[in-house]
Every structure is written in structure tokens, then in C-alpha cells.
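Note on naming: letters A, B, ... go to the chains in the order of the sequence lines (proteins, then strands), and numbering restarts at 1 for each one. Only heavy atoms go into these numbers, but all of them, side chains included; no hydrogens, no water, no symmetry mates. All values derive from a computational prediction rather than experimental measurement.
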There are 2 protein chains.
Amino acid sequence: MRNLLKDKKLSETPFRKEVLAIFTKYNNAIPLSIVEKDLKEYNRITLYRTIKVFVEKGIIHEISLSGEESNYAICQEECDIGSHQHQHIHFKCNMCGTISCVKINKFPTIQLPEYKIDQLEIQVTGLCKKCNA
Amino acid sequence: MRNLLKDKKLSETPFRKEVLAIFTKYNNAIPLSIVEKDLKEYNRITLYRTIKVFVEKGIIHEISLSGEESNYAICQEECDIGSHQHQHIHFKCNMCGTISCVKINKFPTIQLPEYKIDQLEIQVTGLCKKCNA
DNA sequence: TAATTATTTGCAACACCGTTGCATTAATTA
DNA sequence: TAATTAATGCAACGGTGTTGCAAATAATTA
């Protein structure tokens with residue numbers, strides 16, 4: 001397992017390792033509130049700064065759904081500083097509330113004449129595997 | 001022009017009409033800060049409550065993009081209480097910053113075996129018509 | 001390994017955002 | 001127009017996220 005902190009040229013502090021471990025542990029996107037619950041004790045301000053720098057460095061990415069608090073998930077390899085490229089969609093289950101990044105085979109493209117398309121983000125709500133079973 | 005407030009069974013107060021007029025005036029999605037700037041004088045709390053009830057009744061819908069403050073735009077006919085159906089994508093121009101709802105002809109579908117898909121929201125960033133010209 | 005430098009952390013303080021309870025005022029209904 | 005229902009404004013509050021600065025920690029260099 002690669003050392004994300006070193007890779008991204010961030011100092012390896014106990015706190016950052018701890019936060020990173022939490023994001024790694026979950027397979028889904030999680031809101032700050034869950035990170036906070038998993039940390040035994042922590043400093044609000046440091047946590048905010050940690051999240052911020054993780055997003056900037058492309059370690060995690062933010063998922064904003066309408067009416068939801070922001071969620072964060074570990075980035076795939078293709079993410080880099082300042083530019084998050086997703087070959088996945090963001091899925092919110094209406095039953096269990098889980099938000100996850102789901103890889104799909106053929107990522108749709110759209111036609112927008114006269115526009116120039118940079119990034120495309122797809123957010124889907126419905127029932128996840130588990131809840132649909 | 002139809003009377004949205006009456007249609008949605010909301011009392012027609014001067015303030016609500018004023019806010020609605022602002023949303024109607026703009027063709028794009030706008031953040032609260034613009035609504036506030038356009039109102040000569042207003043009460044914060046009433047504005048929040050107005051926005052909230054407009055969203056609930058399907059008069060406007062919220063557009064959340066990562067790292068952006070929320071934007072709001074008038075709903076199309078197909079929107080209804082509690083369920084916002086969009087046959088449009090949300091486009092953010094990286095140059096002028098404008099956020100708009102853009103109608104597209106063939107709205108993409110995606111294949112997610114084992115999942116049940118309810119709603120699909122597409123957010124695109126790039127250059128808008130104007131800035132791409 | 002020790003000394004130096006660069007970075008991170010925690011505190012205090014603050015601004016902003018959005019909400020709630022309640023009394024007052026305005027809009028709707030009869 | 002009177003009675004009823006709903007919206008508004010005030011006071012107050014909790015949550016969120018930020019900044020400046022001093023102390024502590026990590027990285028770097030010798």
C-alpha cells in the first residue's frame with residue numbers, strides 16, 4: 001500500500017495518518033460528521049485544515065449533493081492536484097442514505113454545441129445494491 | 001404568465017412576489033447573494049424561509065456544485081412538490097462563473113446493474129456559449 | 001544524532017450561515 | 001368586515017468554517 005501523504009509531499013503527522021486511515025477504512029463517501037465520530041479526540045480547526053489540504057492535494061474529493069452535507073471520498077489514481085477526474089458516478093441511496101462512488105463502464109458523453117465541456121459529474125439517487133436486493 | 005404563488009397554494013405577499021420576480025428576471029441560476037443584492041431591503045430570516053418554501057413547493061430548485069455556494073433557479077413545468085425532475089444539465093462556466101440550466105435533447109441514461117435508479121443529475125463545467133465564442 | 005528550519009497544531013477570537021420560539025402583522029376565508 | 005389562518009420580524013442561539021499568532025512537532029541539514 002502506497003504512502004499517500006509522502007506521495008503528495010505532505011508531512012506525516014499522527015493526525016493526518018489517522019484521518020487518512022478513516023477515509024481508507026470506509027468504502028463509501030463519508031461526511032465530516034462520521035470522521036469526527038471515528039476520531040477519539042480531535043481539534044476542529046486542525047480537522048478542517050486537514051480536509052482542505054487533502055482535497056487540494058487530490059487525496060480526497062468532495063461530493064456535494066443538493067440538500068446534503070458535503071461528503072468526501074478517497075480519490076482514485078487519476079485524481080491530481082486541483083483536478084479531480086472521475087470515471088465514476090456519485091450514488092446516493094434513498095433508503096440507507098449511503099453515498100458512494102460507483103464505477104461505470106461506459107461513461108456517458110453529452111452533446112452541447114457551442115459549449116466547451118471540461119468536466120462532467122453525474123449524481124444519481126435511487127436504491128443501492130443492498131437495498132435493492 | 002401564470003401565477004406561480006397561487007398555483008402552489010402560497011400566500012401572495014409583496015416580499016414573495018419580489019423574490020419570485022428576481023428569479024424570473026435572471027435566466028441563470030443565482031446564489032442567495034445576488035437575490036440579496038437585488039432586494040432593496042429585506043429580512044434575512046424571511047428570505048431564508050422564502051427560499052425554503054419555494055424549494056419545497058417546486059418553484060425553484062437548488063444547484064449544489066462542489067466548492068460553490070448553492071445556486072437556485074426557477075423550475076421547469078415538470079418540477080413538482082418534493083421531486084425535481086430535470087431534463088437539463090447544470091452548467092458552470094469556468095470563465096464567467098455563470099451557472100445555468102441547459103436543456104439537452106437526448107438525456108443520457110446509465111447502466112447500473114443491481115441498482116435502481118431514481119434520479120440522475122448531471123453537472124458540467126467548461127466554457128459557456130458566450131465565453132467559447 | 002543534534003541543531004536548524006519548515007511545517008503543523010491548538011488557542012482565542014471572530015464572521016457568517018441558517019434556525020427556532022414567540023409576538024405582531026398581514027393575507028385569506030367566510 | 002370579522003374571524004381565521006399564515007407570514008413576518010425580533011431576539012437569541014448553535015453550527016460552520018476561518019484567521020492570526022504562539023507553541024509544538026516534523027523534516028532537513030550538518
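Of all heavy-atom pairs spanning A:Leu127 and A:Cys93, the tightest one is CA-SG, 4.0 Å. Contact detail for B:Ser64 and B:Gln123: the closest heavy-atom pair is O-NE2, 3.1 Å.
Checking D:dC10, D:dA6, C:dT9 against every side-chain atom of B:Asn43, the shortest atom distance belongs to D:dC10.
What separates NZ of A:Lys8 from P of D:dA26 is a distance of 23 Å, to the nearest Å. Here the C1' atom of nucleotide C:dC17 and the CD atom of A:Glu69 are 15 Å apart, to the nearest Å. Distance A:Glu56 CD to D:dT18 C1': 14 Å, rounded to the nearest Å. Rounded to whole Å, the distance from NZ on B:Lys9 to P on D:dA7 is 14 Å. Nucleotide C:dC11 holds its P atom 16 Å from the OH atom of A:Tyr48, rounded to whole Å. Whole-Å rounding puts the B:Leu47 CG to D:dA7 C1' distance at 14 Å. The CD1 atom of B:Ile51 sits 14 Å away from the P atom of C:dC17 (whole-angstrom rounding). Summarising the geometry, the separation between OH on B:Tyr42 and C1' on D:dC10 is reported as 16 Å, rounded to the nearest angstrom.
Phosphate contact (OP1/OP2 of D:dT8, side-chain N/O of B:Thr13, threshold under 4.0 Å): present. Considering only side-chain N and O atoms, A:Lys6 lies nowhere under 4.0 angstrom from the phosphate OP1 or OP2 of D:dA27. Taking 4.0 angstrom as the limit, B:Thr46 places a side-chain polar atom (N or O) nearer than this to OP1 or OP2 of D:dG9.
A:Tyr42 places a side-chain heavy atom less than 4.5 Å from the side chain of A:Glu36. Annotation: side chain of B:Lys130 is not in contact with side chain of B:Cys96 (no heavy-atom distance under 4.5 Å). Looking at B:Ile59 and B:Leu5, their side chains come closer than 4.5 Å, going by heavy atoms from C-beta outward.
At a cut-off of 3.5 angstrom, the base of D:dG17 holds no donor-acceptor pair with the side chain of A:Arg49. Within 3.5 Å, no donor on the side chain of A:Arg44 pairs with an acceptor on the base of C:dG10, nor the reverse.
The overall bend of the helix from C:dT1-D:dA30 to C:dA30-D:dT1, read as the angle between its terminal helix axes built from five base pairs each, is 40° when rounded to 10 degrees.
A 6.0 Å sphere centred on NZ of A:Lys25 holds more than 12 heavy atoms belonging to other residues, nucleotides or ligands.
Comparing B:Leu32 and B:Leu10 along DNA chain C, the residue whose closest nucleotide (by nearest heavy atom) sits nearer the 5' end is B:Leu32. Mapping B:Phe15 and A:Ile45 onto DNA chain D by nearest heavy atom places B:Phe15 closer to the 5' end of the strand.
Among the heavy atoms of the strands lying under 4.0 Å from A:Arg16 are primed sugar atoms or P, OP1, OP2 only; no base atom is included.
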Original post:
Taking it one step at a time, do B:Phe91 and A:Tyr115 satisfy ring pair (Phe, Tyr, Trp, His ring centres under 6.0 Å)?
Top reply: CA-CA 10 Å; B:Phe91 191 95; A:Tyr115 287 76; 4.8 Å; yes
